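Letters A, B, ... mirror the listed sequences (proteins, then strands); counts begin at 1. The structure presented is a predicted model; accordingly, all values stated were derived computationally and were not measured.
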Amino acid sequence: MSETFRAPIGTQDVLPPDSHRWQILVSTFADVAARYGYGLVHGPMFEDIGVFLRLGAGTDVVRKEMYDFHDKGDRHVALRPEATASVARAYVQHRPVTPWKVWCVTPVFRYERPQAGRLRQHHQVDVEVLGEADPDVDVEVIALGADYLAALGLRRWRLVINTMGTPADRAAYARTLTEWLRDRAADLPAEDREKVESHPLRVLDSKRPETQEVVADAPRIADVLDQGSRDHFARVQEGLRALGIPFEIDVRLVRGLDYYTHTLFEFQSEALETAQSTVIGGGRYDGLVEQLGGPPTPGIGFGSGIERMLLACDAEGVLPPPESVLDVFVVDVTGGAAARDLAQELRAAGLRTDRAFGGRSMKAQMKVAGRSGARVAVIVGEQELAEGTATVRDLRLGEQQTVPRDELVARVRRMVEAE
RNA sequence: GUGACCGUAGCUCAGUUGGCUAGAGCGUCAGGUUGUGGCCCUGAAGGUCGGGAGUUCGAUUCUCCUCGGUCACCCCA
């Protein structure tokens, strides 16, 4: 009977004033995306599960982390485990003119064990460009990410890039690597040994030191890339250098989604002490649209976790302290009708206004007014009510004056605007 | 999915070698003024000591299970 509930494991409520910080991130991202000419897209938070299965059977996100279920019409659907597949599906469905440059904000669901910087429902801002294979697009997308970090005021991060080449390059490399690893499997920890046949690339970026020792002189992807892939990657590096965006190449950077081709990149916060430090991650996915039933269409994009970016912002102390969300607070000890009417009048004039309810004492109402952060209190007592006036108090200076009602809005506005 | 640590009021935490009505600070609410906040003083509300089972004369304190939290692995934003 008195059972209580909490937010589900790995989810969180975002309440004021913290929700304000969210808005800062999203609006900052929106500004940057607009500066690059990207349009906003909204889409369903769930899709036919087939959309996500195209991410690849070797992907944990698909294999074991999906929130999937059968709806009342027995359709097998899944909550978004990432944004790219949904956007690609929308592209196939609507066939917009290319290059299609879009961004979105979306919740993302993954059935994982939560830890610092990782949730079962988190939120991402995301950009995607479909229909353009030019390596300059890779550069633009990465530059957009760097500008986002800069706009937030973050300085302690590094950009790591790598290339997977074409799907053929990738497959060839995986074969080469498997063969090479087979001979050394005995030296690998059991967890990584299991991946030799199934996901050889994942052995490369294992965190285990024993594995890193073995893999140190493994064959490199660069050794199998075709000329086109080499040229593409070279052009990306050239672009980043030209734009003054510092980066490092990490030949062991793999990333978990199977659909990546050519350029892969991650922005990692160096201010975060946690194990999860990637704040932006993405790459090119030239085969994905085709796998979703569309025409051969190149694509590239990245996702950036809002919660994790907030952790990075905290670690660098870059977000401004929350400012007051109110201009005026109306105190009325004559029954509340005056507060009701004056508050609406002030709001109609564009002033951010709140009031006390419940007919509390003036002292109690003043306390709420003080706590509200409003610059001005408008006070109506029996005296003001009788003479058609209101008392206007500057809560910061502690000075007040009684003015006729028809001068109220103008007076309050002047005080709010005054420094 | 695996492992470690943790679980006392809304929040941050005391506490008892197992034993009378479980405490503090902050917060909330009400007073200290006849119409006034931020400081100060007083008081009040608020906890089945996460839940269940066991050991015991007796458990918030010991054991087990479970749920939840945190962090790490895995994986990823």
Quote, to the nearest angstrom, the [atom1] distance that separates [N] from [M].
N	M	atom1	result
B:rG51	B:rC67	P	15 Å
B:rA24	B:rC49	C1'	15 Å
B:rA72	B:rU63	C1'	27 Å
B:rA9	B:rU66	P	24 Å

[X] [atom1] to [N] [atom2], straight-line distance once rounded to whole Å:
X	N	atom1	atom2	result
A:R6	B:rG69	CZ	C1'	7 Å
A:M366	B:rG37	CE	C1'	5 Å
A:K64	B:rC75	NZ	P	7 Å
A:E112	B:rG1	CD	P	13 Å
A:R113	B:rC67	CZ	P	11 Å

Contact list for RNA chain B against residues 276-289 of chain A - heavy-atom distance below 4.0 Å: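 By residue number: A:Q276, A:T278, A:V279, A:I280, A:G281.
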
Can you sort out which residues in residues 383-405 of chain A have a heavy atom within less than 4.0 Å of RNA chain B? Ascending by number, please.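 The answer is A:Q383, A:E384, A:R393, A:L395, A:R396, A:G398, A:Q400.
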
Could you tell me if A:R184 sits above the aromatic ring of A:W180, with its cationic atom closer than 6.0 Å to the ring centre and no more than 45 degrees from the axis?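 Yes, A:R184 sits over the ring of A:W180.
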
A:R360 side chain near B:rG35 phosphate (N/O to OP1/OP2, under 4.0 Å): no

B:rC71 OP1/OP2 closer than 4.0 Å to side-chain N/O of A:R118: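 It does not, given that no N or O in the side chain of A:R118 lies less than 4.0 Å from OP1 or OP2 of B:rC71.
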
Among A:R255, A:R252, A:R158, salt bridge (charged side-chain N to carboxylate O under 4.0 Å, His left out) partner for A:E266: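 The passing option is A:R255.
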
Would the number of heavy atoms belonging to other residues, nucleotides or ligands and lying under 6.0 Å from CZ of A:F46 be above 12? no

